[in-house]
Structure formats: structure tokens, C-alpha cells
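Values reported hereafter were calculated over all heavy atoms of this structure, with side chains retained and with hydrogens, waters and symmetry mates removed. Chain letters run A, B, ... following the sequence lines, proteins first and then strands; every chain starts at 1. Everything numeric in this text was worked out from a predicted model, so none of it was measured.
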Number of protein chains: 2
Amino acid sequence: MLGETTRDRQAERRLATRLEILDAAWAVARDKGLSSLTLRDVAERVGMQAPSLYSHFASKHAIYDAMFGQAWSEYDELDAAHAGDRFDGPRAEVLAKTMQFFDFAAADLARYQLMNQRTIPGFEPSPEAFAPSVRVVERDLARLARLGITDRGDVEILFSIIGGLVDQQLANDPGGDSRRKLLERAVQMWADGVGLPPEPRKRKARK
Amino acid sequence: MLGETTRDRQAERRLATRLEILDAAWAVARDKGLSSLTLRDVAERVGMQAPSLYSHFASKHAIYDAMFGQAWSEYDELDAAHAGDRFDGPRAEVLAKTMQFFDFAAADLARYQLMNQRTIPGFEPSPEAFAPSVRVVERDLARLARLGITDRGDVEILFSIIGGLVDQQLANDPGGDSRRKLLERAVQMWADGVGLPPEPRKRKARK
DNA sequence: GTCTATACACCGATAGAC
DNA sequence: GTCTATCGGTGTATAGAC
């Protein structure tokens with residue numbers, strides 16, 4: 001019988017190979033486009049033959065699925081890392097969180113297409129891969145509820161504004177920041193519409 | 001030499017075949033998804049062999065291109081047909097035009113993906129196919145300018161709101177109208193933000 | 001001119017030797 | 001676990017019948 005250490009090392013090596021494949025997949029997706037990713041390209045990048053990938057992933061969609069989970073986990077961790085941040089009022093908080101997501105989304109077209117658009121024909125994320133995105137949304141809902149925003153429709157409108165601006169940014173000005181500049185104005189409109197209290201007077205900066 | 005009538009009839013027949021192919025392509029796109037459209041499926045639907053399509057279209061992308069032009073032309077004509085409509089004030093006008101686009105977009109997923117999303121890997125519409133969409137945008141810009149909205153950023157924000165809500169509608173509630181109900185509230189927020197005059201007093205309906 | 005027949009290169013996926 | 005060989009399906013191209 002194999003010792004624990006041997007079994008652990010095997011599992012560790014297996015996990016490392018999986019991550020290697022996923023890294024290669026991200027590189028190919030960013031290089032040739034998310035939906036133009038081919039197993040042969042991924043395999044070549046990790047020094048394998050294409051069918052060997054099936055020892056680690058059940059299908060091409062399973063690779064997309066793992067990438068989907070990675071992307072949302074990455075944002076989940078980024079967001080959680082800023083959980084303790086303090087803001088100068090509700091509007092500053094909403095704007096900061098909004099820009100945090102916008103910047104993350106607009107920074108990587110392939111990643112955003114996988115996370116938020118349905119650009120892969122038959123792809124549906126599995127429940128496991130979907131879990132981190134649920135965590136993010138629930139944290140956002142809780143944050144907005146703490147600010148007095150409990151109407152789900154108001155939240156959907158805010159999400160739509162952000163999503164619409166990200167789409168336009170990536171479609172019409174990839175790599176630029178034209179829509180990012182509009183984000184603050186749009187969020188102020190939304191904050192006025194939902195009755196979010198105006199900013200408290202700014203304290204004069206002390207010399 | 002062929003008579004004019006013969007030549008006309010040939011051209012007419014050729015155009016009819018083109019439209020037949022495009023109709024079949026729309027049917028396949030709606031049935032199996034826009035990006036899962038195959039030339040063999042289209043050909044089968046019109047009673048041809050797949051390579052015969054190349055007598056009428058230079059490539060699969062050329063078919064997408066013609067479909068793109070058809071879709072925007074269709075909306076262009078719908079919009080132009082309502083050019084003479086009168087409204088009870090600026091907000092009612094913006095809301096009506098906004099809902100007109102929302103309904104058109106949300107009614108057909110495949111068509112919306114082709115018109116407004118970049119879901120086909122290598123597809124870029126040709127200038128000719130792009131022309132009707134330019135007409136629509138310019139008519140919208142002129143309409144908003146007539147209402148006093150001249151800041152391009154304000155217009156982009158409105159477009160983002162609409163696009164974001166359509167995306168959410170099609171992604172999360174296809175065939176439903178949950179986001180359509182939010183559209184009015186979102187447009188009111190935007191109208192307040194850009195300083196559009198409030199609605200005039202409603203005249204009492206006369207019995 | 002239009003269509004059929006055939007072929008090519010590429011894709012995801014599977015079977016089986018080692 | 002990785003390989004080679006191969007399958008059915010795809011977009012695309014071309015030769016040749018009519």
C-alpha cells in the first residue's frame with residue numbers, strides 16, 4: 001500500500017498539472033480570443049498531445065468551467081480583501097465598489113466574456129464553478145441593504161448600468177477609459193434616483 | 001443577346017434565392033443558436049447542397065454580414081415609420097423610443113446577439129451592412145439634441161442603461177419582461193440626472 | 001451561370017497500446 | 001498518464017457536369 005506522503009505528492013502533482021493547463025488556456029484565450037481556443041493550442045503550450053488533456057479535464061467545456069470558477073474566485077478574493085475599507089459616506093462606498101468591478105472587468109476581455117457574457121455556444125457553468133459568483137452578488141446585496149437599498153429592482157438597475165458601460169468600454173474602446181469616466185456620473189444619477197443621502201461635507205485637508 | 005425582360009427575371013430570381021437563403025439562415029440561427037449555424041443546415045433548409053451557397057454568398061461571414069444589415073435595416077424602418085409620432089413631453093418621447101428599442105432587441109436573442117454583441121469570433125460587419133445602424137444612431141442623436149441633450153457622455157450613459165437591461169433580460173429572463181418594468185424607472189433617473197424638464201400636467205381625459 | 005461531387009484542413013472526442 | 005490512430009463534423013475550395 002502506498003504511504004500517505006506518496007499519495008499526497010501524487011495529488012499535488014496532479015493539481016499542479018491542472019493549474020498548468022488552465023494557465024495555458026488563459027494565455028491562449030487572451031491571445032486568440034476566448035471562443036477560438038482549441039485543445040491543440042492549449043496542449044502544445046503545456047508540451048502535451050491534445051488527447052492527453054482528457055486525463056485532467058472531461059471536455060473542453062470542463063476547462064471553460066474551471067476558468068469561470070477561477071475568474072469569479074479571483075474577484076471574490078479581491079472584494080473580500082477590501083471588506084474592511086471605510087468610506088466617506090454611502091455614495092463614496094457605492095462608487096468605489098462600482099469602480100472596483102469596472103476596472104476588474106475591463107482589464108481582461110476574455111475573462112469578462114467568460115464571466116459575464118454568453119459567448120461560448122453551449123457553455124453553462126456548473127454549480128460549483130458558479131458558487132463564487134453567488135458569494136460576490138450576496139455580499140453586494142448585503143452591502144447595499146446596509147445603505148438602505150433593499151428594492152431588488154434598484155439593484156438590478158445599478159448592475160445594468162455597470163454592465164452596460166463595461167460592454168461599451170470593451171466593444172468600442174478596449175484598453176481605454178472613456179466609459180470609466182462616465183461611471184461616476186451614472187452612479188450619481190442612480191444614487192439620486194434611489195434616494196441615497198448626499199455626501200457629507202468634506203473635511204478640509206489639514207496642512 | 002438577352003432581352004431586358006429576361007435579364008431582369010434572372011436578377012429577380014437571383015435576389016429571391018438570396019432572400020430564401022437568408023430566411024433559412026435566420027430560422028437556423030433562432031433554432032440552434034446564432035454561432036452554431038452551419039452552412040449544411042442552411043443549405044438543407046433551402047433544398048441545396050452546402051457548396052451551392054457559395055454561388056450566392058462568398059463565405060459564411062458574408063451571410064452573417066447580410067443578416068446584420070437586414071436586422072438593422074428592419075429596426076431603421078420601424079423607427080422611421082414612427083418619425084411623425086407626437087409625445088406628451090420630452091420624457092415621454094425618450095421613454096417611448098427607449099421601449100421601442102428594448103422590445104425589438106429583447107424579442108429575438110439571435111438577432112440581438114448579431115446586432116449588438118460580438119458573439120461571432122471573427123465577424124466584423126462591412127461598411128455597407130453597417131450603414132443602417134449608423135442611420136439609427138444619428139437619428140437618435142438628432143432626436144436627443146432636439147430635446148437639449150448634446151453631451152455625448154449623457155447619451156452614452158442612456159445607451160448603456162438600455163443595453164445593460166436588454167442583456168440582463170435575455171440572459172436571466174428570456175421571453176419575460178422583468179427588466180422592461182425597470183426600464184421606465186431607470187430612464188426617469190437618467191432624465192433627472194441630465195436635467196430633462198418634468199412632464200407637463202396631464203390633461204384630464206374627456207368623456 | 002448554377003449546382004453536384006469530392007477533397008482538404010481543422011476541430012472535439014474516443015479507443016487502445018504502452 | 002501519455003501516446004498514436006482515428007472518427008464524425010465543420011468551413012472552405014475547386015473541378016466538372018448540365
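Here D/dG11 presents its P atom at 8 Å from OH of B/Tyr64, a figure rounded to the nearest Å. In this structure, the CD atom of A/Glu20 is 10 Å from the P atom of D/dT2, given to the nearest Å. Across the protein-nucleic acid pair, A/Leu53 atom CG and D/dT4 atom P stand 14 Å apart, rounded to whole Å. Per the geometry, CG belonging to B/Asp41 stands 13 Å off C1' belonging to D/dG11, to the nearest Å. Note: CD (B/Gln49) to P (C/dA7) measures 15 Å, nearest angstrom. Summarising the geometry, the separation between CZ on B/Phe57 and P on C/dC3 is reported as 12 Å, rounded to the nearest angstrom. Rounded to an integer number of Å, the gap from B/Arg14 CZ to C/dG1 P is 10 Å. One can place CE of B/Met48 at 14 Å from C1' of C/dA5, the figure rounded to the nearest angstrom.
Using modelled atom types, no side-chain atom of B/Gln113 and backbone atom of B/Thr119 make a donor-acceptor pair closer than 3.5 Å.
Checked against C/dA13, D/dT2, C/dC3, the side chain of A/Ser52 finds its nearest nucleotide in D/dT2. The side chain of A/Pro51 lies closest to C/dT14, out of D/dT10, C/dT14, C/dA5. Side-chain proximity of A/His56 to the nucleotides D/dT2, C/dA13, C/dC3 is greatest for D/dT2. Between D/dT12, D/dC3, C/dC3, one nucleotide has an atom nearer to the side chain of B/Leu39 than all others, and that is D/dT12.
Of the side-chain N and O atoms in A/Tyr54, none sit less than 4.0 angstrom from OP1 or OP2 of C/dT14. For the pair B/His61 and D/dG11, the criterion of a side-chain N or O lying under 4.0 Å from OP1 or OP2 is not met.
Exactly one of A/Thr38, A/Leu37, A/Asp41 qualifies for a side chain to side chain contact (heavy atoms under 4.5 Å, CB included) with A/Lys32. That residue is A/Asp41.
A/Leu37 comes within 4.0 angstrom of the backbone, heavy atoms only, and of no base. Counting non-hydrogen atoms under 4.0 angstrom, B/Arg13 reaches nothing in the nucleic acid. In this structure, A/Thr38 reaches the sugar-phosphate backbone alone: every heavy-atom distance under 4.0 Å involves primed, P, OP1 or OP2 atoms, never a base. Residue-level contact check: A/Thr17 touches neither bases nor backbone, having no heavy atom under 4.0 Å from any strand.
Donor-acceptor pairing under 3.5 Å, judged by distance alone, is absent between the side chain of B/Arg40 and the base of D/dG9.
When only modelled atom types and interatomic distance are considered, A/Arg91 and A/Gln188 share a side-chain donor-acceptor pair under 3.5 Å.
One finds a salt bridge joining A/Asp151 and B/Arg185 here, because a Lys/Arg side-chain nitrogen approaches an Asp/Glu carboxylate oxygen to under 4.0 Å.
Between B/Ala92 and B/Phe87, the closest heavy-atom pair is O-CD2, 4.1 Å.
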